[in-house]
Peer 1: 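Before I ask anything, let me first share the structure, which is written out below as C-alpha cells.
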There are 2 protein chains.
Amino acid sequence: MLGLLSEGPASGYDLMKLFDVSLSNVWPATQSQLYAELGKLADAGLVDVSAEGPRGRKEYAITDDGLAELRRWITDVEPTRVLRSDMLLRVFFLAQVAPEQARAYLSHQAALAGRHLESLKRIGELLESGQDNLSVYGKITLEYGRRLAEAQQGWAEWAETEVAPDR
Amino acid sequence: MLGLLSEGPASGYDLMKLFDVSLSNVWPATQSQLYAELGKLADAGLVDVSAEGPRGRKEYAITDDGLAELRRWITDVEPTRVLRSDMLLRVFFLAQVAPEQARAYLSHQAALAGRHLESLKRIGELLESGQDNLSVYGKITLEYGRRLAEAQQGWAEWAETEVAPDR
DNA sequence: GCCGACATGTAATTTGTTACATGATTCC
DNA sequence: GGAATCATGTAACAAATTACATGTCGGC
C-alpha cells in the first residue's frame with residue numbers, strides 16, 4: 001500500500017486495480033484485505049485521506065511518517081525468503097503414483113512454465129517503452145519472473161528424464 | 001502429512017523432525033499446526049493410531065482411504081502456483097531509496113542466493129548415495145531449489161548493473 | 001538425581017479468503 | 001432508463017503463527 005501510494009494519491013478502488021495489474025504476481029491480496037489495511041494505515045498515521053470524491057470515494061495520500069516507514073521497511077527489514085510450493089510438494093511424493101503419471105505430471109508442469117514464460121515475455125514487450133520509476137524496477141521484477149519461469153521449465157524437462165528410466 | 005506417512009508410520013514428534021529436515025523448505029508448517037492436522041486426519045479416517053508408546057506417544061499410520069486421497073491430491077488437484085516474495089516486493093519499490101542503497105540491496109540478495117546455493121549443493125552431496133523413493137524425488141526437489149537459487153543469483157547480479165547507470 | 005530429549009497438546013492472535021451487502025454515478 | 005463501472009465496507013470462516021503449558025522417560 002505504502003509503496004503504491006508513494007507514487008501518488010489513490011483511492012482503495014484505484015489501489016485494487018493497480019494491484020491486479022502490477023503486484024498481484026508478487027504479493028497477492030484481496031479487496032477486503034486492502035480496505036482493512038488502508039484503515040489501519042490511516043489509524044497509524046502512515047496515510048491520510050487527502051480528498052473525497054463522488055460515491056464516497058476517499059483518496060489516500062502517504063504521509064511523511066508513511067514514507068519514512070516505507071524506506072525503513074525496504075532497507076532495514078530482512079526479507080523472509082520462504083518458498084511455499086504445492087507443486088514441489090507433490091513432486092516430493094511423486095513416488096506414490098505410477099512412473100508414467102509422474103512423467104505426465106512433470107511434462108505438464110514444463111508446459112505450464114512455458115506458457116507462463118510466453119505471457120511474461122509479452123508483458124515485457126508492452127513495458128519496453130516506459131522510463132519512469134515503476135517501469136524501471138517493474139522491468140527488473142518482471143525479469144525475475146522470466147528467469148524463474150525459464151528455470152522452472154528447464155527443471156521440469158530435466159526431471160522428466162530422471163524419473164524411472166525404463167528398462 | 002499423508003505423504004510422509006505413506007513411507008511408514010510415525011508419531012507427531014517424528015513427523016515434526018522429518019518436516020524440519022525435508023519439507024520445511026517447500027512447505028513450512030509449525031508444530032501446533034501439525035498436531036492439529038493429525039487430529040483432523042484421524043477424524044476423517046485418513047490416518048489412524050497404529051500404536052501407542054511411552055510418554056503418550058501415538059504412532060499414526062496412513063489408511064487405505066488416506067493413501068487414495070494422497071494419490072488423488074497428487075494427480076487430480078491443480079497446483080496453485082502463487083509466488084509471494086517480500087524480497088521482490090521491495091525491489092518493485094526500490095526507487096524509493098538512493099541508487100547506492102538499491103545496488104547494495106541487490107548485491108546483498110546475490111550474496112544470499114550464493115550462500116543458499118552452496119548449502120543446497122552440500123545437502124545434495126549428502127543425499128548422493130541413497131536410492132530409495134524419497135531420495136530419488138528428494139533429489140529432484142533439491143535440484144529445483146538449486147536451479148532456483150542459481151537463477152536468483154544471476155538475476156540479482158544482473159539487476160545491480162541495471163540500476164541507475166551512473167553518468 | 002538431573003538434564004536433555006521426547007512428546008502432546010491448547011489458547012490467543014494475526015492474517016488471509018470468500019461471500020455478502022449496498023449504493024452512487026456516468027455514459028449511452 | 002438501464003448497464004457497466006465506481007466505490008466502500010462487513011461478516012464468517014479458514015489458515016497460520018506464537019506462546020504457553022505440561023509431563024515423561026532414558027541415560028549418565
Side-chain angles (χ1 to χ4, degrees), chain A residues 1-5 8-21 23-44 46-61 73 77-86 89, chain B residues 1-5 8-21 23-44 46-61 69 73 77-86 88-89:
Chain A
M1 296 286 91
L2 292 177
L4 289 177
L5 287 174
S11 69
Y13 194 81
D14 294 339
L15 291 172
M16 193 184 83
K17 282 190 299 174
L18 271 173
F19 240 91
D20 287 345
V21 296
L23 290 178
S24 59
N25 292 304
V26 164
W27 195 271
T30 58
Q31 175 253 23
S32 334
Q33 230 182 322
L34 193 152
Y35 279 106
E37 203 57 41
L38 271 178
K40 284 188 220 161
L41 288 173
D43 287 349
L46 302 180
V47 303
D48 52 34
V49 178
S50 58
E52 307 209 14
R55 280 168 287 213
R57 174 190 172 93
K58 285 190 272 185
E59 203 170 71
Y60 290 91
W73 175 77
V77 182
E78 275 293 311
T80 49
R81 136 175 1 275
V82 278
L83 169 70
R84 176 172 280 193
S85 160
D86 63 332
L89 194 53
Chain B
M1 295 288 91
L2 293 178
L4 289 177
L5 287 174
S11 69
Y13 194 82
D14 294 338
L15 291 171
M16 194 185 83
K17 283 189 299 172
L18 270 174
F19 239 90
D20 287 345
V21 297
L23 290 179
S24 60
N25 292 304
V26 163
W27 195 271
T30 59
Q31 176 254 21
S32 333
Q33 228 183 323
L34 192 153
Y35 279 106
E37 203 56 41
L38 272 178
K40 284 188 220 159
L41 288 173
D43 287 349
L46 303 180
V47 303
D48 51 34
V49 178
S50 58
E52 308 209 13
R55 281 167 286 212
R57 174 190 173 94
K58 285 190 273 184
E59 203 171 70
Y60 290 91
E69 168 58 18
W73 174 78
V77 182
E78 273 295 309
T80 49
R81 146 176 347 280
V82 278
L83 169 69
R84 176 172 281 192
S85 160
D86 63 333
L88 259 197
L89 194 53

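As the structure is a computational prediction, the values presented were derived from the model and not from experiment.
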Peer 1: Starting the side chain at C-beta, find the nucleotide from dT24(D), dT17(D), dT5(D) nearest to R55(B).
Peer 2: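 Taking heavy atoms from C-beta onward, the closest nucleotide is dT24(D).
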Peer 1: Quick one: is R84(B) getting a side-chain N or O under 4.0 Å of the dG16(C) phosphate, OP1 or OP2?
Peer 2: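 True: R84(B) side-chain N/O within range (under 4.0 Å) of dG16(C) OP1/OP2.
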Peer 1: Can a side chain N or O of Y35(B) be found less than 4.0 Å away from OP1 or OP2 on dG9(C)?
Peer 2: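 It does not, given that no N or O in the side chain of Y35(B) lies less than 4.0 Å from OP1 or OP2 of dG9(C).
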Peer 1: Once hydrogens and angles are ignored, does a donor-acceptor distance under 3.5 Å link the base of dT8(C) to the side chain of Q31(B)?
Peer 2: yes
Peer 1: Using atom CH2 of W27(B) as one end and atom C1' of dA16(D) as the other, report the distance to the nearest whole Å.
Peer 2: 11 Å
Peer 1: Roughly how far apart are L23(B) CG and L18(B) CG, rounded to 0.5 Å?
Peer 2: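 L23(B) atom CG to L18(B) atom CG measures 8.0 Å (nearest 0.5 Å).
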Peer 1: Looking at OG of S11(B) and CD of E59(B), how far apart are the two atoms once the value is rounded to the nearest 0.5 Å?
Peer 2: 7.0 Å
Peer 1: For S32(B), which contact category applies under a 4.0 Å heavy-atom criterion: base, sugar-phosphate, or nothing?
Peer 2: base
Peer 1: When you check the phosphate oxygens OP1 and OP2 of dA7(C), does a side-chain N or O of R57(B) lie under 4.0 Å from one of them?
Peer 2: yes
Peer 1: Could you state the interatomic distance from CD (Q33(B)) to CZ (F19(B)), rounded to the nearest 0.5 Å?
Peer 2: 8.0 Å
Peer 1: Within the pair Q33(A) and dT15(C), is there a side-chain N or O less than 4.0 Å away from OP1 or OP2?
Peer 2: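 False: Q33(A) side-chain N/O out of range (4.0 Å or more) of dT15(C) OP1/OP2.
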Peer 1: Once you round to the nearest 0.5 Å, how far does CZ of R57(A) lie from CG of D14(A)?
Peer 2: 4.0 Å
Peer 1: Give a yes/no answer on whether the side chain of K58(A) brings an N or O atom under 4.0 Å of OP1 or OP2 in dG9(D).
Peer 2: yes
Peer 1: If each of T30(A) and S11(B) is mapped to the nucleotide of DNA chain C with the nearest heavy atom, which maps nearer the 5' terminus, i.e. the 5' end?
Peer 2: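 Nearer the 5' end of the strand: S11(B).
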